[in-house]
Amino acid sequence: MRTATLGPDERAEALARMAERELDVLVVGGGVVGAGTALDAATRGLATGIVEARDWASGTSSRSSKLIHGGLRYLEMLDFALVREALKERGLLLGRLAPHLVKPVPFLYPLQHKGWERWYAGSGVALYDAMSVSSGHGRGLPVHRHLSRRKALRVSPCLRKDALVGALQYYDAQVDDARHTATLVRTAASYGALAANRARVVGFLREGERVVGARVQDVEHGGTFEVRAKQVINSTGVWTDDTQALIAERGQFHVRASKGIHLVVPRDRVNSSTGLILRTETSVLFVIPWGRHWIIGTTDTKWDLDKAHPAASSADIDYLLEHVNTVLSTPLTRDDVEGVYAGLRPLLAGESDATSKLSREHTVAHPVPGLVVVAGGKYTTYRVMAKDAVDEAARAMDHRVAECCTENVPLAGAEGYPALWNARARLAARTGLHVARVEHLLNRYGTLTQEVLDLVTGDSALGEPLPYADDYLKAEVVYACSHEGAQHLDDVLTRRTRISIETFDRGTRSARECAELMAPVLGWDTERVEREVEHYHKRVQAERESQLQPDDQTADAARLGAPEVATG
């Protein structure tokens, strides 16, 4: 099957076709749940459209801890069903659906008490492994192991000797969340879904009580048009209540935002061959391997300010550094921090705090005829959420709808990936690239790597590393625009690549060359290039300023000092 392309022409065509005929399903929201919902609906043979107000994954789904995991802490809460469900999804993603994007990652849990803690924590991790295997998709990851203090310090020399009496090591998985979400959209488009980012729903179409579609504004080029659909699925995450307000209906539940921030530091600042998981007074803290970097997170605090650009305050950063430094022999400082990012978790709340607790479980509702709402959940279980949402929409269809099949639908780039990975040395020899560079490409694009290399064949200059961000080739910038739907400099530096958090300058030194590579694909003139570069610099400046502020209110005000991205 040919993989769809999400370039400027394909976006324009998708918008035009959505306005021409009634769809079976219109999905509102281009995060991981919306993207998964579009794929689910399209693979059931439904005429499907998906629109996103900003960029694919520009909200929560590009700012997570980048873990695909069952959630060890939910075992402690005795939420066995949620853990079992998530472990099954982890196994599917690792083995079948996205082996090019989802990778195993080891974690070390330092034990601080002799005797009882090893028994208590060890029992939990043993149950975690057992539930993974019993899900039918748990094989392939090593089982946990108990380590003495000496062995723990051998695999993680960064730890202070007095910070542990021993350790447990277990495995979970990680993913580049933004890349995975964009790949979901491309896969949905390959099965016929019409997809357009920078397309904002500004109202719903009604016939009596029934929702029959949406009014959609083309944020990029202007104009508003109507998209009619038998069922509209609202999957807007932390914006769920805002979207519901467009139909002036009181929701059956509410979604609250919880802020989590993460720090990115160079790999050489923490001497360890394994990730770390640490307990805090309220949650857990991860130190996660991330290429040539570590991701350290996360916090968990209420957020009721700007949802589009949640800001990390100085207090947030200090909190993470303080907690991670309790176990490190060489403490981290502010000077070690390359990048900072903040994201919002969509947590379910009922009508009354007294009767409902905030939950990571998801829910699906049909508040009015023609409109389905899916909310809550966690990144790992996006496919289950999508299935439940489409099942609910299908119940109201006037014809029989096929059952969900996404458990057996590999994402774009996954089919044939293991064989291509095994041949990576030959691919490196054939292209003249270093094998490490080929591995980087395969773990970002899978079998679609050849499409990136075809750009280099057409223009050898695109085979050069991007200046000041040499993990990435210039071809990847062009490919992001021609194939992956990137329309602004911010899309490329923040989501198609991770340059904005992986370099100390946060991508500002690469910005101009990156914009000039994008210009021919997107039809930008010199003035537009200047606007894009200026906007990106202002965004970084505002983020840096926000991270010096003492609290959420002042950090939010500083972050909002940067204007929204300029359109054409």
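Along the sequence shown, residues are numbered consecutively beginning with 1. FYI, side chains are in, hydrogens and waters are out, and symmetry mates aren't considered; it's all heavy atoms of this structure. All of these numbers come straight from a predicted model, not from anything done at the bench.
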Step-by-step salt bridge (charged side-chain N to carboxylate O under 4.0 Å, His left out) determination, Arg437 to Asp471: CA-CA 8 Å; Arg437 180 75 68 183; Asp471 279 350; 5.7 Å; no

Determine, step by step, whether Asp172 and Arg90 satisfy the salt bridge (charged side-chain N to carboxylate O under 4.0 Å, His left out) criterion, reporting the C-alpha distance in whole Å, the side-chain angles of both residues, the deciding distance to 0.1 Å, and the verdict. CA-CA 8 Å; Asp172 253 320; Arg90 184 190 72 176; 2.7 Å; yes

Go through it in stages, so that I can follow the logic: the residues are Arg269 and Asp335, the test is salt bridge (charged side-chain N to carboxylate O under 4.0 Å, His left out), and I'd like the CA-CA distance, side-chain angles, deciding distance and then a yes or no. CA-CA 11 Å; Arg269 301 304 198 273; Asp335 291 340; over 6 Å; no

Kindly determine whether Leu108 and Leu159 satisfy side-chain contact (heavy atoms from CB on, under 4.5 Å), including the steps that lead there. CA-CA 11 Å; Leu108 192 76; Leu159 294 173; 3.8 Å; yes

Could you walk me through whether Arg334 and Ser314 pass the side-chain hydrogen bond (donor to acceptor under 3.5 Å, both in side chains) test, one step at a time? CA-CA 10 Å; Arg334 289 277 186 126; Ser314 180; 2.6 Å; yes

Derivation and outcome, ring-ring contact (aromatic ring centres under 6.0 Å, His included), residues Tyr170 and Tyr109: CA-CA 8 Å; Tyr170 74 99; Tyr109 175 65; 8.3 Å; no

Apply salt bridge (charged side-chain N to carboxylate O under 4.0 Å, His left out) to Asp268 and Arg292, showing your working. CA-CA 8 Å; Asp268 62 6; Arg292 297 200 294 177; over 6 Å; no

Could you walk me through whether Leu348 and Val255 pass the side-chain contact (heavy atoms from CB on, under 4.5 Å) test, one step at a time? CA-CA 5 Å; Leu348 290 179; Val255 176; 4.1 Å; yes

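Heavy atoms only, all atoms of each residue included: Gly34 and Ile50 are closest at O-CD1, 3.5 Å. Ile499 and Gly507 get closest at one heavy-atom pair: CG2-CA, 3.6 Å. Nearest heavy-atom pair, Ala311 versus Arg559, reported as atom, atom and distance to 0.1 Å: CB-CB, 4.0 Å. The shortest non-hydrogen separation linking Asp316 to Ile261 is CB-CD1, 3.4 Å. Minimum heavy-atom separation, Arg200 to Ala53: NH1-CB, 3.6 Å. What you find for Val201 and Ala214 is that their closest heavy atoms are CG1-CB, 4.0 Å.
If you take CZ on Phe107 and OG on Ser156, they are separated by 12.0 Å, rounding to the nearest 0.5 Å. One distance of note links CG of Leu278 with CG of Leu164; it measures 10.5 Å at 0.5 Å rounding. Taking OG1 from Thr280 and CD from Glu322, the interatomic distance works out to 11.0 Å, rounded to the nearest 0.5 Å. Taking CG of Asn443 as the start and NE2 of His100 as the end, the distance is 9.5 Å to the nearest 0.5 Å. Taking OG1 from Thr380 and CD1 from Ile68, the interatomic distance works out to 4.0 Å, rounded to the nearest 0.5 Å. Put simply, OG on Ser329 and CG on Asn271 are 8.0 Å apart, with the number rounded to the nearest 0.5 Å.
Of the possible polar contacts, none joining the Glu484 side chain to the Cys481 backbone as a donor-acceptor pair under 3.5 Å is found. Of the possible polar contacts, none joining the Ser61 side chain to the Ala178 backbone as a donor-acceptor pair under 3.5 Å is found. Judged by distance alone, with hydrogens and angles left aside, the side-chain atoms of Glu52 form a donor-acceptor pair with the main-chain N or O of Gly30 at under 3.5 Å. For the pair Thr381 (side chain) and Val384 (backbone), a donor-acceptor distance under 3.5 Å is absent. Looking at Arg383, its side chain never comes within 3.5 Å of a backbone N or O of Thr37 through a donor-acceptor pair. Judged by distance alone, the side chain of Arg11 and the main-chain N or O of Asn197 form a donor-acceptor pair under 3.5 Å. The backbone N or O of Asp552 sits nowhere less than 3.5 Å from a side-chain atom of Ser313 that would complete a donor-acceptor pair. Trp294 places a side-chain N or O within 3.5 Å of a backbone atom of Val270 that can act as its donor or acceptor partner. No donor-acceptor pair under 3.5 Å is formed between the side chain of Ser500 and the backbone N or O of Arg506. Remark: side-chain polar atoms of Trp303 are paired, donor with acceptor, to backbone N or O of Asp306 under 3.5 angstrom.
A donor-acceptor pair shorter than 3.5 Å cannot be found between the side chains of Ser62 and Asp177. Counting only N and O atoms by type, the side chains of Asp55 and Gln487 include no donor and acceptor under 3.5 Å apart. Checked by atom type, the side-chain pair Glu545/Gln549 shows a donor-acceptor distance below 3.5 Å. Judged by distance alone, the side chains of Arg539 and Thr494 do bring a donor and an acceptor atom under 3.5 Å apart. Of the N and O atoms on the side chains of Ser258 and Asp300, at least one donor lies less than 3.5 Å from an acceptor on the other residue. Residues His262 and Ser65 bring a donor and an acceptor atom of their side chains to less than 3.5 Å of each other. The closest side-chain donor-acceptor pair between Tyr382 and Glu89, if any, does not fall under 3.5 angstrom. In this model, a donor atom of one side chain and an acceptor atom of the other lie less than 3.5 Å apart for Thr236 and Thr243. For the 3.5 Å distance criterion, the side chains of His535 and Glu530 fail to qualify, holding no donor opposite an acceptor. Looking only at atom types and distance, the side chain of Glu476 has a donor-acceptor partner in the side chain of His440 under 3.5 Å away. Under the 3.5 Å distance criterion, with hydrogens and angles disregarded, a donor-acceptor pair is assigned to the side chains of His309 and Glu564. Side-chain contact of Gln174 with Trp290: a donor-acceptor pair under 3.5 Å is absent, judged by distance alone. Using modelled atom types, one finds no donor on one side chain facing an acceptor on the other under 3.5 Å when comparing Arg256 with Thr240.
Using a 4.0 Å cut-off between charged nitrogen and carboxylate oxygen, Asp491 and Arg198 count as a salt-bridge pair.
Ring planes of Tyr319 and His323: tilted class, angle from 30 to 60°. Aromatic ring orientation, Tyr379 versus His180: tilted (interplanar angle from 30° to 60°).
Annotation: Glu10, atom CD; neighbour count of heavy atoms from other residues, nucleotides and ligands within 6.0 Å is above 12.
With respect to His293, the side chain to side chain donor-acceptor pair (under 3.5 Å) criterion is satisfied by exactly one of Arg498, Arg267, Glu338: Glu338.
The side-chain heavy atoms of Glu502 and Tyr472, taken from C-beta on, include a pair separated by under 4.5 Å.
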